[in-house]
Amino acid sequence: MQVAAGLSDISAKLVDKVSLWIDTLVVMFPNLVVAVVVVTVGWGLGRLARRLVYGALERLHTPHSVNGLVSWLASIAVLSGGLMIALSILNLEKAATSLLAGAGIVGLALGFAFQDLAANFIAGVYLAVRFPFREGDLIETNDTLGIAERIRIRSTTIRTLEGQAVMIPNKEIFTTKLINYSETGARRVDLSVGVSYGDDLEKVRRVALDAARQVRGRDTTREVELFYDGFGDSAINLTVRIWIPFRHQDDYLGARSELLMHIKKAFDENDIAIPFPVRTLDFGIKGGVPLTEMAPRVRIVEDASASAPPGPAA
C-alpha cells in the first residue's frame, strides 16, 4: 500500500510538472515563434553582411586575409545580436549572461591549452591589420626567400624561387626578422670585381662607371656608384652599385647579369685585367727562398750522397 501511495504521489507530481510545462509552452509559444524568426533573420542578415563587407573590402584592394577576417567578424556580430534579441523575447537574459560567463571561462581554458594556436591567430590578425607584406611580394623570413603566395590567419605560404611551397606559422614571422624586397619598388644591385695591381685606378673607375650606365632599365635618377674595398691577395677589390625599379626577382638577376657583361667587355676593350688568384710558395726554412734557389741546393746534396763511399757492412 505504501509503495502504491508513493507511486501515486510521484505520478501526480510528474503530471503536474508536465501540465505546467505545457501551460508555459502555450503561453510562450508566440514568443518562441518570434524568437525563432529573429534567429533565422539574424542568420540570414549575418550571411548578407559577410558578403557585403567582403565585397566592399575587395573594392578597396585589401588583402584576402583581412577581407575574410573582417567579414567573418561582421557576420558573427549580426548573428550574436539576433541571438541576444531572441533570448530577451523569451525572458532569458540571465541565462544569456550565464552563457557568456561560461564561454569566457571556456575560452580562457582553451587559450592555455592551445597557446601556439592562439599565438598564431593573434599574429595573423596583426599581419592582416599592419600590412608588413602583401600577397605577391618577395619576402625573406625564417631562412626562406620567396613570393608570399597565401596569407591566412594561422600561417603564410611562401613559394620559393625554386618552386617549393613553404608554410610558415604566423608566430614565427611575427617574432623573427622579415625582409620585404617589394615594398619600396626599387632595389640596389651590387657587383664586386677585382683589378690588377698594375692598372690605373682612375682609369678603372672611369671605365667601370661608363659601363654601368649602359645597363638597360636602371634608375637614372640615382647616380652609379663605385667604391674600392681594399687590397686582395691578387687584386684590388671594388664594388659597382646601380639602382633598378624592382617588381620581380628576374629584374634583379637580369640587371646584375647585364652589369657583369658590360663591365667585362669594357675592361677587355681597355686592357684592364681581372687577375686570377696568385699564390707564392716559400721553400726555405725561414721563408722567402724561391724554388729557383732551392733546386740547385737539393741537387748538390743528392750528388754528394751518390758519390760518397759506402759505409762498413754491419
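We use all heavy atoms of the structure for the numbers below, so side chains are in, but hydrogens, waters and symmetry mates are not.
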Taking every heavy atom of R159 against every heavy atom of G163, the minimum-distance pair comes out as NH1-O, 2.9 Å
Indicate yes or no: does E258 engage R216 in a salt bridge with an N to O separation below 4.0 Å. yes
How many angstroms lie between atom CZ of R47 and atom OG of S75, to the nearest 0.5 angstrom? 8.0 Å
If you look at every heavy atom in V53 and A74, which pair is closest and at what distance? CG2-CB, 3.9 Å
Determine whether F133 and I158 fall in the same hydrophobic cluster, where Ile, Leu, Val, Met, Phe, Trp and Tyr are linked whenever their side-chain heavy atoms lie under 4.5 Å apart. yes
Starting at CD of E202, measure out to CG of D200 and round the result to the nearest 0.5 Å. 6.5 Å
Just wondering, more than 12 heavy atoms not from E225 lying within 6.0 Å of its CD? yes
Applying a strict under-4.5 Å side-chain criterion to I, L, V, M, F, W and Y, I'd like to know whether M261 and V193 cluster together. no
Determine the minimum heavy-atom distance between G46 and V78, stating which atoms define it. N-CG1, 3.6 Å
Decide, yes or no, whether a salt bridge links K264 with D268 under the criterion of side-chain N to carboxylate O below 4.0 Å. yes
With rounding to the nearest 0.5 angstrom, report the CG to CG distance, L161 to L138. 6.0 Å
Do the side chains of I263 and W243 join up, straight or via other hydrophobic residues, at under 4.5 Å, putting them in one cluster? no
Where is the tightest heavy-atom contact between V189 and Y252, given as atom of each residue plus distance? CG2-CD1, 3.8 Å
What are the two closest non-hydrogen atoms of N270 and K203, and how far apart are they? O-NZ, 2.9 Å
Between S192 and N237, does any side-chain donor sit less than 3.5 Å from a side-chain acceptor? no
When you look at CZ of R213, are more than 12 heavy atoms from neighbouring residues, nucleotides or ligands closer to it than 6.0 Å? yes
Take a 6.0 Å sphere around CD of E269 and say whether it holds more than 12 heavy atoms from other residues, nucleotides or ligands. yes
Are the side chains of L238 and V240 in touch, meaning some heavy atoms are under 4.5 Å apart? yes
Please say yes or no: joined through hydrophobic side-chain contacts below 4.5 Å, possibly via intermediate residues, are V207 and V204 part of one cluster? yes
Any chance you could measure R218, atom CZ, to I244, atom CD1, to the nearest 0.5 Å? 12.0 Å
Hey, mind stepping through R241 and V224 against side chain to side chain contact (heavy atoms under 4.5 Å, CB included) and telling me if it holds? CA-CA 6 Å; R241 296 176 177 175; V224 179; over 6 Å; no
Using a 4.5 Å cut-off on heavy atoms from C-beta on, say whether the side chain of D251 contacts that of P245. no
Spacing of H262 atom NE2 and I242 atom CD1 [to the nearest 0.5 Å]: 9.0 Å
Just checking, is any N or O donor in the side chain of N142 or T176 under 3.5 Å from an acceptor N or O on the other one? yes
With a 4.5 Å cut-off on side-chain heavy-atom distances among I, L, V, M, F, W and Y, is there a chain of contacts connecting I274 to I236? yes
Provide the closest heavy-atom pair for S155 versus N170 in the form atom of the first, atom of the second, distance. N-ND2, 3.2 Å
Does the pair D219/R222 count as a salt bridge with the N-to-O cut at 4.0 Å? yes
Does any non-hydrogen side-chain atom of Q249 lie less than 4.5 Å from one of Y181? no
Using modelled atom types and a 3.5 Å cut-off, is there a donor and acceptor pairing between side-chain atoms of Y54 and backbone atoms of A49? no
K265, NZ: over 12 other non-hydrogen atoms inside 6.0 angstrom: no
Going from CD on E183 to CG on L178, what distance comes out if it is rounded to the nearest 0.5 angstrom? 9.0 Å
Taking the side chain from T175 and the backbone from K171, do they hold a donor-acceptor pair closer than 3.5 Å? yes
Does a side-chain N-to-carboxylate-O contact under 4.0 Å join R134 and D137? no
CZ (F231) with more than 12 external heavy atoms under 6.0 Å: no
Does either side chain, that of T239 or that of D229, offer a donor lying less than 3.5 Å from an acceptor on the other one? yes
Please examine the side chains of S257 and L260, heavy atoms only from C-beta on, and report whether any two atoms are closer than 4.5 Å. no
Determine whether T141 and T156 make a side-chain contact, defined as any pair of heavy atoms from C-beta on separated by less than 4.5 Å. no
